[in-house]
Amino acid sequence: MIQAVRGTKDILPDSVGSWQFIEDVFRKVSKDYGYYELRTPIFEKTEVFSRGIGDATDIVNKEMYTFKDKGDESITLRPEMTAALVRSVIQNSMLQQSNTLRLWYFGPFFRYERPQKGRLRQFHQYGAECLGSPYPEADAEVILLANSLFREAGIKDFNVLINSLGSDETRKKYKDELLKYLNSVSENLSKDSKERLQYNPLRILDSKDENDKEALKNAPIILDYLDAESKEHFNKVIATLEAENIKPIINPMLVRGLDYYCDTVFEFQSSLLGSQDSFGGGGRYNGLIEQLGGKPTPAVGFALGVERMLLILEELNSLTALNTNPTIFIVTTNPSLMNISQNIAEVLRRKKISTLIDLQQRTFKAQMREANRVSARYVVIVGEEEVQRNVINIKDMKTGEQKECPIDNLINFNFDF
Ligand code: HAM
């Protein structure tokens with residue numbers, strides 16, 4: 001038997017209803033906030049991500065599915081959307097049409113990580129990006145959008161962690177100070193962090209290793225290095241959220257794993273997830289658009305992991321699913337009546353009533369069993385004697401009640417859905 005690739009999952013028909021429910025929430029809440037959907041290709045030229053996310057990050061260094069295509073072009077399956085979205089925004093001159101560009105997306109992403117609960121090699125993200133505004137209200141808007149999404153989907157209890165990485169200059173200054181400190185405690189750092197010391201020391205800050213955490217206790221804090229402008233921006237974001245009853249937790253160790261961030265960074269965490277406790281995150285990326293060849297444009301956004309959201313909802317026992325079952329099952333007492341059944345089914349489907357017929361020429365009893373198995377709301381019984389009188393029987397599967405109805409009048413039958 002050929003197995004699916006490690007770290008990938010089939011989404012089977014019995015769980016598709018939950019996906020459809022959550023995708024509905026994405027669509028509705030995005031519209032409430034005035035965001036438009038953008039769909040881009042699943043793969044991009046590798047440089048979109050290596051230039052966009054940063055060569056020193058784990059994503060670019062270790063996790064990308066990169067290959068040469070037959071034309072010898074280096075191609076990468078998208079590990080995230082922000083860089084790809086920016087590529088598309090520039091290519092399609094979308095920023096020239098509007099000062100504030102609000103976009104959302106949903107789809108599969110790929111990272112070669114060690115699979116575990118909540119960590120896959122093909123996973124799904126929803127994200128929203130607000131391009132064009134340097135103001136703190138934009139940061140607050142994307143966090144409020146995320147908050148509405150989670151609530152609408154049924155997740156009410158989660159933490160919003162927030163930090164500011166300040167300007168490029170602040171980060172440079174801070175990095176020097178942090179390096180000095182880290183070098184003084186380097187013998188206590190984990191192997192991974194020792195490596196990071198060389199190429200991405202900021203990332204050591206949000207290491208989950210207990211020794212690292214201990215060694216970082218007296219590390220300098222980036223918030224102490226912010227200039228007045230960044231400080232004011234950060235405070236305004238927090239005040240705006242608090243005015244909407246969201247109490248973010250300031251965490252000066254939060255740096256996130258992508259290089260494009262400046263100023264605000266944030267993450268959504270749930271204690272129900274275990275070690276992969278972050279189910280969404282984002283921040284400001286004022287330099288990315290210019291870095292990928294566009295006009296300098298401030299921007300902020302976030303993405304959430306759909307599998308992780310579904311895990312939380314499962315833990316909460318509040319997984320809602322759209323009903324994907326058919327409404328009507330047509331039971332035919334004799335195969336010679338199949339053409340009549342098929343015709344009735346087509347009439348109902350044209351009326352947007354989802355209808356199944358039996359395709360196995362089963363017995364009456366077996367067809368009734370099948371109608372039960374697929375949770376049909378009504379069974380339409382097409383019987384020989386009835387068909388001669390031009391009628392059919394309609395059985396309400398909730399109440400057990402059965403009513404006769406002229407075939408020609410089926411369309412006007414008062415189905416109670
Ligand atoms: P990220 O933190 O790398 O940010 O990913 C966002 C979310 O995607 C994570 O919080 C997590 O829920 C989910 N996720 C990431 N990797 C995996 C995985 N291997 N398996 C399952 N779920 C995963 C970004 O991708 C940024 N583009 C977010 C952003 C948008 N920043 C600004 N705009």
Side-chain angles (χ1 to χ4, degrees), residues 5-9 11 22 35 38 40 44 48-49 52-54 57-60 62-65 77-87 89 101-131 138-139 141-143 145-146 149-150 153 155 158-163 165 203 206 254-270 272-289 292 297-313:
V5 175
R6 189 163 123 85
T8 69
K9 264 195 183 148
I11 301 167
I22 228 163
Y35 282 63
L38 175 71
T40 62
E44 295 275 349
V48 168
F49 305 112
I53 301 171
T57 58
D58 279 355
I59 296 182
V60 172
K62 306 182 187 158
E63 297 169 2
M64 293 208 303
Y65 280 91
L77 301 187
R78 59 186 193 183
E80 63 107 47
M81 182 70 170
T82 313
L85 176 140
V86 166
R87 192 272 308 142
V89 164
L101 186 60
R102 293 176 166 95
L103 298 169
W104 70 274
Y105 49 87
F106 162 74
F109 293 87
F110 307 85
R111 295 185 193 174
Y112 191 79
E113 295 194 81
R114 199 166 43 77
Q116 63 181 78
K117 189 177 172 204
R119 194 159 73 192
L120 294 151
R121 289 181 174 170
Q122 177 176 332
F123 59 98
H124 294 76
Q125 280 187 351
Y126 163 92
E129 315 282 351
C130 178
L131 287 75
D139 310 42
E141 180 173 285
V142 294
I143 297 174
L145 189 166
L149 269 177
F150 299 144
I155 303 173
F158 55 88
N159 289 327
V160 184
L161 307 187
I162 196 164
N163 191 20
L165 302 179
R203 233 27 262 276
D206 57 10
L254 182 70
V255 289
R256 309 227 344 105
L258 306 106
D259 274 358
Y260 48 60
Y261 292 120
C262 62
D263 282 314
T264 323
V265 285
F266 53 89
E267 249 173 47
F268 304 100
Q269 289 191 350
S270 162
L272 296 170
L273 280 174
S275 69
Q276 301 302 314
D277 59 357
S278 162
F279 62 100
R284 201 160 252 295
Y285 49 93
N286 294 346
L288 181 61
I289 295 154
L292 289 177
T297 309
V300 58
F302 82 98
L304 60 84
V306 183
E307 284 82 358
R308 291 190 193 172
M309 256 184 94
L310 289 169
L311 277 175
I312 298 173
L313 289 167

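Whatever order the structure lists them in is the order used to number ligands and atoms, beginning at 1. What you see is a predicted model, and the numbers here were worked out from it, not measured in a lab.
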Check: [X] side chain, [Y] main-chain N or O, donor-acceptor pair, under 3.5 Å:
X      : Y      : result
Gln122 : Gly7   : no
Arg284 : Thr264 : no
Arg308 : Ser278 : yes
Asn286 : Ala299 : yes
Asn163 : Leu254 : yes

Checking a contact table here: which protein heavy atom is nearest [atom], and how many Å away?
atom                    : result
atom 11 (C) of ligand 1 : Arg308 NH1, 3.5 Å
atom 26 (C) of ligand 1 : Tyr260 OH, 3.4 Å
atom 14 (N) of ligand 1 : Phe123 CE1, 3.5 Å
atom 20 (N) of ligand 1 : Leu120 N, 2.9 Å
atom 13 (C) of ligand 1 : Gly305 CA, 3.6 Å
atom 6 (C) of ligand 1  : Gln125 NE2, 3.3 Å
atom 10 (O) of ligand 1 : Gly280 N, 3.1 Å
atom 21 (C) of ligand 1 : Gly118 O, 3.2 Å

* To do: Measure from atom 19 (N) of ligand 1 to every heavy atom in Arg111, Glu113, Met81 and give the option owning the shortest one.
  =>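 Looking at heavy atoms only, Glu113 sits closest to atom 19 (N) of ligand 1.
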* Asked: Any luck finding a side-chain donor-acceptor pair between Tyr35 and Glu141 under 3.5 Å?
  ->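 The criterion, which ignores hydrogens and geometry beyond distance, is satisfied for Glu141 and Tyr35.
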* Does one side chain, of Thr82 or Tyr260, offer a donor that lies under 3.5 Å from an acceptor on the other? -> yes
* Parallel, tilted or perpendicular, as decided by the 30° and 60° cut-offs, for the rings of Phe123 and Phe109 ->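 Tilted, since the angle between the ring planes falls between 30° and 60°.
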I need the atoms of ligand 1 closer than 4.0 Å to a non-hydrogen atom of [X], numbered in the order shown.
X      : value
Ala303 : 6 (C), 7 (C), 28 (C), 29 (C), 30 (C)
Gly281 : 28 (C), 29 (C)
Glu80  : 25 (O), 26 (C), 27 (N)
Glu129 : 30 (C), 32 (C), 33 (N)
Gly282 : 31 (N)
Phe302 : 29 (C), 30 (C), 32 (C), 33 (N)

* Asked: Within a radius of less than 6.0 Å around OH of Tyr65, do more than 12 heavy atoms belonging to other residues, nucleotides or ligands occur?
  ->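 For Tyr65, atom OH is crowded (more than 12 foreign heavy atoms under 6.0 Å).
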* To do: Using distance alone, decide if ligand 1 has a nitrogen or oxygen within less than 3.5 Å of any nitrogen or oxygen in Thr82.
  =>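 Checking ligand 1 against Thr82, an N or O pair does fall under 3.5 Å apart.
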* **Contact (N/O only, under 3.5 Å) between Phe279 and ligand 1** => yes
* Between Phe266 and Phe268, is the gap from one ring center to the other below 6.0 Å? ->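 Ring centroids of Phe266 and Phe268 are less than 6.0 Å from each other.
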Just let me know how [X] lines up against ligand 1, side chain, backbone, both or neither, with a heavy-atom cut-off below 4.0 Å.
X      : result
Glu267 : neither
Arg119 : both
Arg256 : side chain
Phe268 : neither

With a 4.5 Å cut-off on side-chain heavy atoms, are [Y] and [X] touching?
X      : Y      : answer
Leu131 : Ile289 : yes
Thr40  : Arg78  : yes
Arg119 : Arg111 : no

Could a heavy atom of [X] be found less than 4.0 Å from some atom of ligand 1?
X      : value
Met309 : no
Ser278 : yes
Glu307 : no
Tyr261 : yes

* To the nearest 0.5 Å, what is the distance between CD1 (Ile22) and CG (Leu304)? -> 8.0 Å
* To do: Can you measure from CG (Leu273) to CG (Leu311) and round to the nearest 0.5 angstrom?
  => 6.0 Å
